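Some notes on the structure that comes next.
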Amino acid sequence: MVLDISVLKTFQVRIGERALKTVKASRISESSVRYVCGLDVSYSGKVGGVAAAAVFEVGSGKLVDVGLAVGEPAIEYVPGLLAFREAPLLYTAFMKLPEEVRNIVDVVLVDGHGIAHPRYSGIATHIGLALDMPALGVAKRKLYGKIVLEERPCSEFPCVVGWIEDRRNPSLLLGAVLSSGTGSKLYVSPGAYVDLKTAIGLVMRVTSRGHRLPLPIYYADRLSRSVARALDSGTLSIESVADYVQNTIAKQSRLFS
DNA sequence: GCGACAG
DNA sequence: ATCTTGTCGC
């Protein structure tokens with residue numbers, strides 16, 4: 001089937017309009033968040049994509065549970081349309097979590113942008129609206145917007161070193177640029193049901209020195225990647241992925257040191 | 001026309 | 001995202 005890019009973009013315009021409204025009134029505050037779910041996808045030559053949903057407890061700093069989904073990505077990668085490729089797999093991974101775990105998740109962190117997107121509908125926006133849950137994006141590279149760097153440098157890490165403003169509406173702040181300390185930057189933007197200020201605070205709260213990515217996303221990244229490679233090498237069969245996950249949680253200290 | 005372009 | 005050797009630095 002041929003994918004009609006213009007149709008998908010039109011759909012995103014509506015998604016984006018909705019998202020901008022939800023982002024004004026945050027459903028959560030930084031202090032009310034106890035559990036954060038990180039979402040990421042890795043690719044394997046044999047089974048396509050492997051998505052992981054890693055639930056992280058802010059208080060203890062520990063991994064609580066993990067959901068996994070394996071399958072072919074919906075479409076090829078097109079800048080701006082990442083959500084149509086990866087969101088279905090991420091959504092499935094989240095739903096693989098036990099219901100009692102899903103219900104305690106306060107906010108979702110997605111590898112990619114939120115409203116810092118040409119149509120204000122990055123993958124974190126799609127996920128947040130689909131799950132009807134606060135979601136924000138954490139990207140390693142810029143996609144859209146004008147980067148305005150802060151005058152004053154900062155010494156504490158992570159910290160805000162700049163902002164992402166909308167080229168078509170400079171008074172609208174779409175996201176923030178954070179620095180992890182080693183000079184590596186991260187782009188944070190609200191996805192849905194959370195404002196920028198809260199999003200920044202949350203990311204800083206779950207990011208530890210030594211790791212560029214917030215821990216929930218870091219865990220999701222490491223797990224999805226290890227599963228993808230294990231499936232490729234034949235070390236793991238697709239039927240025993242569930243057991244592999246449980247085993248992984250048990251010895252997380254060894255895998256995520 | 002030219003440059004930008006998440007994962 | 002993924003493909004990959006050696007190499008710079010703590």
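Letters go in sequence order (proteins before strands), and every chain restarts at 1. Nothing here was measured: the structure is a model prediction, and the numbers come from that model.
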(message) Could you check whether any side-chain N or O of A:Ser32 sits under 3.5 Å from a backbone N or O of A:Ile28, counting only pairs where one atom can act as donor and the other as acceptor?
(response) no

(request) Check the distance between B:dA6's C1' and A:Ile217's CD1 and give it to me in whole angstrom. (result) 12 Å

(message) Without decimals, in angstroms, what is the distance between A:Ile123 CD1 and B:dG7 C1'?
(response) 8 Å

(message) Within the structure provided, determine whether A:Ser180 and A:Leu213 are in side-chain contact (heavy-atom separation under 4.5 Å).
(response) no

(message) I need the CG-P distance between A:Asp221 and C:dA1, as an integer number of Å.
(response) 7 Å

(request) Could you check whether the rings of A:Tyr144 and A:Tyr120 sit parallel, tilted or perpendicular, using 30° and 60° as the cut-offs? (result) perpendicular

(request) Indicate whether any N or O donor in one side chain lies under 3.5 Å from an N or O acceptor in the other, for A:Ser240 and A:Asp243. (result) no

(message) Using a 3.5 Å distance criterion without hydrogens, assess whether the side chain of A:Ser121 forms a donor-acceptor pair with backbone atoms of A:Gly16.
(response) no

(message) Any side-chain N or O of A:Tyr77 below 4.0 angstrom from OP1/OP2 of B:dA6?
(response) yes

(request) Could you please name the option among B:dA6, C:dA1, B:dG7 that lies closest to any side-chain atom of A:Asp40? (result) B:dG7

(message) Donor-acceptor pair, distance only, cut-off 3.5 Å: does the side chain of A:Asp40 make one with the backbone of A:Ile217?
(response) no

(message) Once rounded to the nearest 0.5 Å, what's the spacing between atom CD1 of A:Ile15 and atom NE2 of A:His126?
(response) 5.5 Å

(message) Contact list please: residues 133-141 of chain A against DNA chain B, heavy atoms, distance less than 4.0 Å, in numerical order.
(response) A:Ala139, A:Lys140, A:Arg141

(message) As a test of reading the structure: which of C:dT2, B:dA6, B:dG7 is closest to the side chain of A:Asp111, going by heavy atoms?
(response) B:dG7

(request) Would you indicate what A:Leu39 reaches in the nucleic acid, counting non-hydrogen atoms under 4.0 angstrom: base, sugar-phosphate, or nothing? (result) nothing

(request) Keeping to residues at least two apart or across chains, list the salt bridge (charged side-chain N to carboxylate O under 4.0 Å, His left out) pairs with something in residues 124-136 of chain A. (result) A:Arg27-A:Asp132

(request) Using a 4.5 Å cut-off on heavy atoms from C-beta on, say whether the side chain of A:Pro98 contacts that of A:Asp65. (result) yes

(request) Can you tell me the distance, in whole Å, between the NZ atom of A:Lys142 and the C1' atom of B:dG7? (result) 17 Å

(request) Round to a whole Å and report the spacing from OH of A:Tyr187 to P of B:dA4. (result) 14 Å

(request) Calculate the interatomic distance between A:Tyr144 atom OH and B:dG3 atom C1'; express it in whole Å. (result) 16 Å

(request) Can you tell me which stems DNA chain C forms, taking runs of 3 or more consecutive Watson-Crick or G-U pairs with both distances under 3.5 Å? (result) none

(request) Starting at atom OH of A:Tyr43, determine the distance to atom P of B:dA6, rounded to an integer number of angstrom. (result) 13 Å

(request) Take atom CG of A:Leu143 and atom C1' of B:dA6, then tell me their distance rounded to the nearest Å. (result) 5 Å

